[in-house]
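Have a look at the structure below before the remarks.
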Amino acid sequence: MRLLTHNMLSSNIKGVANGFPLGIEVEKVIEKQVELSADFLRNLFPKIEWKALVDAARTMGYAELPEEVDSSMLDSNEFLTKFHHALLELHLEEGALVCPETGRRFPVTKGIPNMLLHEDEV
Amino acid sequence: MLYNVLRVIRCFYQSQHACSVLTIAHSLRQSGIFSTMREVNIKGASGLCTLVSDGQSEIPQSVSDSENMGKSFFSVQSTPEIEKKYVHHVYDAIAPHFSSTRFAKWPKVATFLSSLPSGSLVLDAGCGNGKYLGLNPDCFFIGCDISAPLIKICADRGHEVLVADAINLPYRTDFGDAAISIAVLHHLSTEIRRKRAIEELVRVVKKGGLVLITVWAVEQEDRSLLAKWTPLSEKYVEEWIGPGSPLARSPSSLPLESIPENEDNGSRDHIEDSMEKMHETPHLTSESKYDSLSLKHEKNTKNQQEYFVPWHLPYHRAEVSGASACALANGLAKKDDKKGAVVYNRYYHVFSEGELERLASGIDNAVIVDQFYDKSNWCIILEKIL
């Protein structure tokens, strides 16, 4: 699971008012390089909840992202590289995502989160 | 309520399957009302395979608790039995074989994806084996499916995927640039769920975002294929999904009764493959040997939209999967020694002309920007406006 996905995921358990962001329990992180696309990063940037991304990256062992950002930073290659790395190159292989309100753990196995709810959670 | 219970008891005695006998008796014992049933002997009931994918056995709620069942059990998000048994479990069992037959990229979907702006984030809900993930190399795709085995196949190919339910996408609102739902909604057994799935697709894309939905049509280009499908009567579909139905509340493996179809006298080799391919590749004309049968079938099945569509899983594939032994024991699948395959049934609600449009029109924050029929599928493109 990439942090792009994590930035989109939200706990949809019945009764939860705000299921975002999910906490991250890390057991195994891997890094996989992919080609950087500035177009894509600039398109994504407005969608991203920045604080959630910074916190998640730090949990995954990457602390290079600036705490504060503005869109002018998208002109900086250095910033784009860090943004790209955090968003797309860090993978949670094993661990869990945790609902911020209920503490319910959604397992992540072989990089795949399982977000299915049980009968009593829908 | 009592009528339904009596029907269950009648089916109990008529059932051929030891496993289903155990299950019905189990659910009746739970009820506390049917003390006279407790003396019934249950034979050969050990080793019942549970059908619940998360490994927990379902304990049916007692009949006396029916008022307290709560909205949640019958909520739109609760998966009906017919979908668990005849969609989820089937795809889980056939995943690798199914995936090996899913390779042709349907031109209309490819066109839609290729027309998206560079750098778009595309959400594929019900992505199956990930056929369309990454189809436009300038876009980023995130796929989800309810079948973990199919998602595993996607992940092995390097795609960004997760296991999730299209009825309840675990996604923040307005995040995606576009969404696709290719041959998914016809596996949902109620109108409310089908509409809900469309609402979810619209919810997860940004304002101005596009949604492409395709579903199998009642109006099949090759009518002879309909003769291979088992039509299901509404009455029986209701029993498997309606509130208050004892079958909906217990993990019963009673075979679903269906309208008897004519004996088919043709070869079934690769029927599903050619049928699937027909939906997804340029239509190949073929001689129909079944004209008279299919005409009669049509007459009998006007307005018929609920079907079981068979999937033949070759024995050598079935053994690898392991799930087939369980399915056979539970009566969910049958062996066809002549074909050397385990035969599964998949539940479909095929869409009639205008149905997809009608469902989508009821959604306030989206407009229909295109709709068309192509290769036995009804298709629609929506744009989110608010």
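Just the heavy atoms: all of them, side chains too, but no hydrogens, waters or symmetry mates, feed the values below. Residue numbers start from 1 in every chain, and the chains themselves are labelled A, B, ... in the order their sequence lines are given, proteins ahead of strands.
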For B:Glu83 and B:Thr79, work out which heavy atoms get closest and say how close. CB-CG2, 3.9 Å
Is any side-chain heavy atom of A:Ser76 less than 4.5 Å from a side-chain heavy atom of A:Leu80? no
Rounded to the nearest 0.5 Å, how far apart are CZ of A:Phe20 and CE of A:Met8? 10.5 Å
Using side-chain heavy atoms (C-beta onward) and a distance below 4.5 Å, is A:Lys47 in contact with B:Asp177? yes
Under 4.5 Å, heavy atom to heavy atom, which residues of residues 113-125 of chain B contact chain A? B:Ser118, B:Gly119, B:Ser120, B:Leu121, B:Leu123
Side-chain donor/acceptor of A:Trp50 to backbone N/O of A:Phe45, under 3.5 Å: no
Cationic tip of A:Arg42 above A:Phe40 ring, under 6.0 Å, 45° of axis: no
Would you call the rings of B:His187 and B:Tyr91 parallel, tilted or perpendicular if under 30° counts as parallel and over 60° as perpendicular? perpendicular
Using a heavy-atom distance cut-off of less than 4.5 Å, which residues of residues 134-149 of chain B contact chain A? B:Phe140, B:Ile142, B:Ile146
So, the part of A:Asn12 with a heavy atom under 4.5 Å from chain B: the answer is both
Chain B contact via A:Leu117 - which portion, at a heavy-atom distance below 4.5 Å: side chain
Is there a salt bridge (Lys or Arg N to Asp or Glu O under 4.0 Å) between A:Asp120 and A:Lys14? Walk through the geometry before answering. CA-CA 8 Å; A:Asp120 59 349; A:Lys14 175 179 67 174; over 6 Å; no
With a 4.5 Å limit on heavy-atom distance, are the side chains of A:Glu31 and A:Glu89 in contact? no
Interface residues of residues 164-173 of chain B facing chain A - heavy atom cut-off under 4.5 Å: B:Ala164, B:Asp165, B:Asn168, B:Leu169, B:Pro170, B:Tyr171, B:Arg172
Run A:Glu78 and A:Lys82 through salt bridge (Lys or Arg N to Asp or Glu O under 4.0 Å) and show every step you take. CA-CA 7 Å; A:Glu78 195 198 331; A:Lys82 291 178 181 172; 3.3 Å; yes
Please confirm whether B:Arg102 makes a cation-pi placement over B:Phe98, using NZ or CZ under 6.0 Å from the six-membered ring centre and within 45° of the ring normal. yes
On a heavy-atom basis, which atom in A:His84 and which in A:Leu36 lie closest, and how many Å separate them? CE1-CA, 3.4 Å
Compare every heavy atom of B:Gly126 with every heavy atom of B:Val184, then report the nearest pair and how far apart it is. CG2-O, 3.5 Å
Are any side-chain N or O atoms of A:Thr102 and backbone N or O atoms of A:Cys99, one a donor and one an acceptor, separated by less than 3.5 Å? no
Looking only at A:Glu121, A:Met115, A:Lys110, A:Arg2, the option with the highest number of non-hydrogen pairs under 4.5 Å against chain B is A:Arg2
Which portion of A:Thr5 sits near chain B, non-hydrogen atoms under 4.5 angstrom: both
With a 3.5 Å distance limit and no angle check, can you tell me whether A:Glu101 reaches the backbone of A:Asn18 through a side-chain donor-acceptor pair? yes
Is a side-chain donor or acceptor of B:Thr190 paired with a backbone partner of B:Arg193 at a separation under 3.5 angstrom? yes
A:Pro21 side chain near A:His6 side chain, heavy-atom distance below 4.5 Å: yes
For residues 196-212 of chain B, give me every residue with a non-hydrogen atom less than 4.5 Å from any non-hydrogen atom of chain A. B:Lys206
Closest-packed option against chain B by number of heavy-atom pairs under 4.5 Å, given A:Leu22, A:Ile112, A:Asp39: A:Ile112
For A:Val98, is there any backbone N or O sitting under 3.5 Å from a side-chain donor or acceptor partner on A:Arg105? no
Given 3.5 Å as the limit, does a donor-acceptor pair link the side chain of A:Glu119 with the main chain of B:Ser78, or not? no
